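On a predicted model such as this, the values are computed, not experimentally measured, just so you know. The sequence lines fix the lettering, A, B, ..., with proteins before strands; numbering per chain opens at 1.
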There are 2 protein chains.
Amino acid sequence: MLSFTEENYLKTLVQLTVFSEGVEEVGVNSLAKNLSVKPATVSDMLRKLKEKSLVNYKKYGKISLTEEGKLAGMMVVRRHRLWETFLYQKLDFSWDEVHELAEELEHVYSSKLINGLDKFLEFPAFDPHGDAIPNAKGEIALPFRKTLSEISIGESCRIVAVKDNSTDFLQYADKIGLKIQDVITIVAKEDFDALTTILIRNEEFVVSPKFTENIFVVCRLCGKAKGCSC
Amino acid sequence: MLSFTEENYLKTLVQLTVFSEGVEEVGVNSLAKNLSVKPATVSDMLRKLKEKSLVNYKKYGKISLTEEGKLAGMMVVRRHRLWETFLYQKLDFSWDEVHELAEELEHVYSSKLINGLDKFLEFPAFDPHGDAIPNAKGEIALPFRKTLSEISIGESCRIVAVKDNSTDFLQYADKIGLKIQDVITIVAKEDFDALTTILIRNEEFVVSPKFTENIFVVCRLCGKAKGCSC
DNA sequence: TTTAACTGTTAGATTAGTCTAACTTTATTA
DNA sequence: TAATAAAGTTAGACTAATCTAACAGTTAAA
Ligand SMILES: [Mn+2]
Ligand SMILES: [Mn+2]
Ligand SMILES: [Mn+2]
Ligand SMILES: [Mn+2]
């Protein structure tokens, strides 16, 4: 049995490695920052997680997940995203309200519950933020995606997900009418401060790099992020 | 904010007083037994609950809930029973599977979640075990009910709820085909050991007092437990 | 290559919730 | 009423998760 806290460490490690293209291991400070605890606390906990064969790690070394740890972390992500989908689809929560509650619900462990929920929702592929939901085996389709900040002037793309799940960001996105699957065109971009003018449904908005870096997009025609020849 | 543990103390106090006809206060030992902890632990916790004005209590005295404590305890019961209903109605859990999971889900606090769930389930009045669900204000219709053990030979009654929520008991009830709203007739009862022969849907079963004391019934015609003149 | 900056570890303290063992108060029974 | 039993409290200890402060190891710069 894993405690809430252990599960949070594993989930965060999944986010920091599995979901971070090209990153296989992290340091104590980075993990501590992402968990909002002090490095000393992480050092301690790592001993316990290593004891349970959930992480690969040695003193002063880098941290990575074992297969077992990765699976456990993936299951937390699965539960989180299924609950978000439930709240959004069935209880009429908005996409900026679901994350906080899912942080708690994700720790209620029961395969029967979570697989029942999956079936009840008719096996959704994505959560309300456009993130893929791992299946019962902990497998997930890791998509190649660009961020909106990588798109050039004059080009169009399709929003598939958001990186930031914070209330602030999501409510701002709502305010300018942005939705998953929308098409965005880059109208202009300042070299100086990267302020970008975008076009959504015939309306223009000036947005910051903080915004454009938080939006995942693919080619609006073929759905690919890399090697698209449309 | 109340911790899981504090919520469990309050919920148990509600069960031991509010839901126990004629009982207004309990002792440390009884509370300890019901929470599966030692009396010393309860003594400690009572200081904290008193500090927060959730219980009335003084050293070596009896324990009762304040209005505030009662409301908080009722909300835990509300969450518990709504989750049981959700699992039973929407995720196809059987009535002997829901209790354990609801013990965890009941501690996820969010009015929006719980009132949303209530609405989604179309404001159910009873949980799968026949127990009334408190409303959003913590109010509940406390029914007068007898236990099956109080019914005389030759009389019939209608099952409205079960007292025991344990897997063992509920699976046994399933095995003999017992369901909420069934009509039961007392065929015979031994003075010696209170073994009782009952009739459900034209089948006879011999059951123990442990069983008959765990079944709540009312008059099969008027639905009353007391003062029925049918 | 030596120092400075950064990264990570350890020691000691704290809090919540629990326990056992010893003690105190209240209730019951002889 | 005095002895005994039952109920309840307190002291001291433990675990998990956290912190701060001091220390140690690693990396990068001067
Ligand atoms: Mn989320
Ligand atoms: Mn999400
Ligand atoms: Mn229950
Ligand atoms: Mn129930």
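- With rounding to whole Å, A:Lys33 atom NZ is found 11 Å from C:dC6 atom P.
- Side-chain proximity of B:Ser43 to D:dT9, D:dG8, C:dT10: nearest is D:dT9.
- Sequence order on DNA chain D of the closest nucleotides to A:Phe4 and A:Ala40 puts A:Phe4 first from the 5' end.
- A salt bridge links A:Asp118 to A:Arg78: one of the charged nitrogens lies within less than 4.0 Å of a carboxylate oxygen.
- Remark: P of D:dA16 and CZ of A:Arg47 are 12 Å apart, rounded to the nearest angstrom.
- Side-chain nitrogen and oxygen atoms of B:Ser3 include none within less than 4.0 Å of the OP1 or OP2 phosphate oxygen of C:dA16.
- Here D:dA24 presents its C1' atom at 4 Å from OH of A:Tyr60, a figure rounded to the nearest Å.
- Remark: B:Asn29 is in phosphate contact with D:dG8, judged by side-chain N or O atoms under 4.0 Å from OP1 or OP2.
- Between the C1' atom of C:dG8 and the CD1 atom of A:Ile63 lies a distance of 10 Å, rounded to the nearest Å.
- Rounded to whole Å, atom P of C:dG8 lies 10 Å from atom CG of A:Leu46.
- In this structure, B:Lys90 forms a cation-pi arrangement with B:Phe120, its terminal cationic atom sitting closer than 6.0 Å to the ring centre and no more than 45° off the ring axis.
- Checking A:Trp95 against A:Asp127 by side-chain atom types alone, no donor-acceptor pair falls below 3.5 Å.
- Just one of A:Arg81, A:Lys11, A:Arg79 meets the salt bridge (charged side-chain N to carboxylate O under 4.0 Å, His left out) condition when paired with A:Glu103; it is A:Lys11.
- Taking only side-chain atoms of B:Val37, from C-beta outward, the nucleotide of C:dT10, D:dG8, C:dC19 with the closest atom is C:dC19.
- If you check every strand for non-hydrogen atoms under 4.0 Å, A:Tyr9 touches sugar and phosphate atoms only.
- Summarising the geometry, the separation between CE on B:Met45 and P on D:dT9 is reported as 14 Å, rounded to the nearest angstrom.
- Nearest to the side chain of B:Asp44, among D:dT18, C:dT9, C:dT18, sits C:dT18.
- A close approach under 4.0 Å does not occur between any side-chain nitrogen or oxygen of A:Lys38 and OP1 or OP2 of C:dT9.
- One interatomic measurement links the two molecules: CD of B:Glu51 to C1' of C:dT15, which rounds to 15 Å at whole-angstrom precision.
- Contact check on B:Lys112 versus A:Glu97 returns a salt bridge, with a Lys/Arg side-chain nitrogen under 4.0 Å from an Asp/Glu carboxylate oxygen.
- Contacts of A:Thr41 with the nucleic acid, taken as non-hydrogen atoms under 4.0 Å apart, include base atoms.
- Closest approach to the B:Tyr57 side chain among C:dG8, D:dT9, C:dT9 is made by D:dT9 (side chain taken as heavy atoms from C-beta onward).
- Straight-line distance from the CG atom of B:Asn8 to the P atom of C:dA16: 17 Å, rounded to whole Å.
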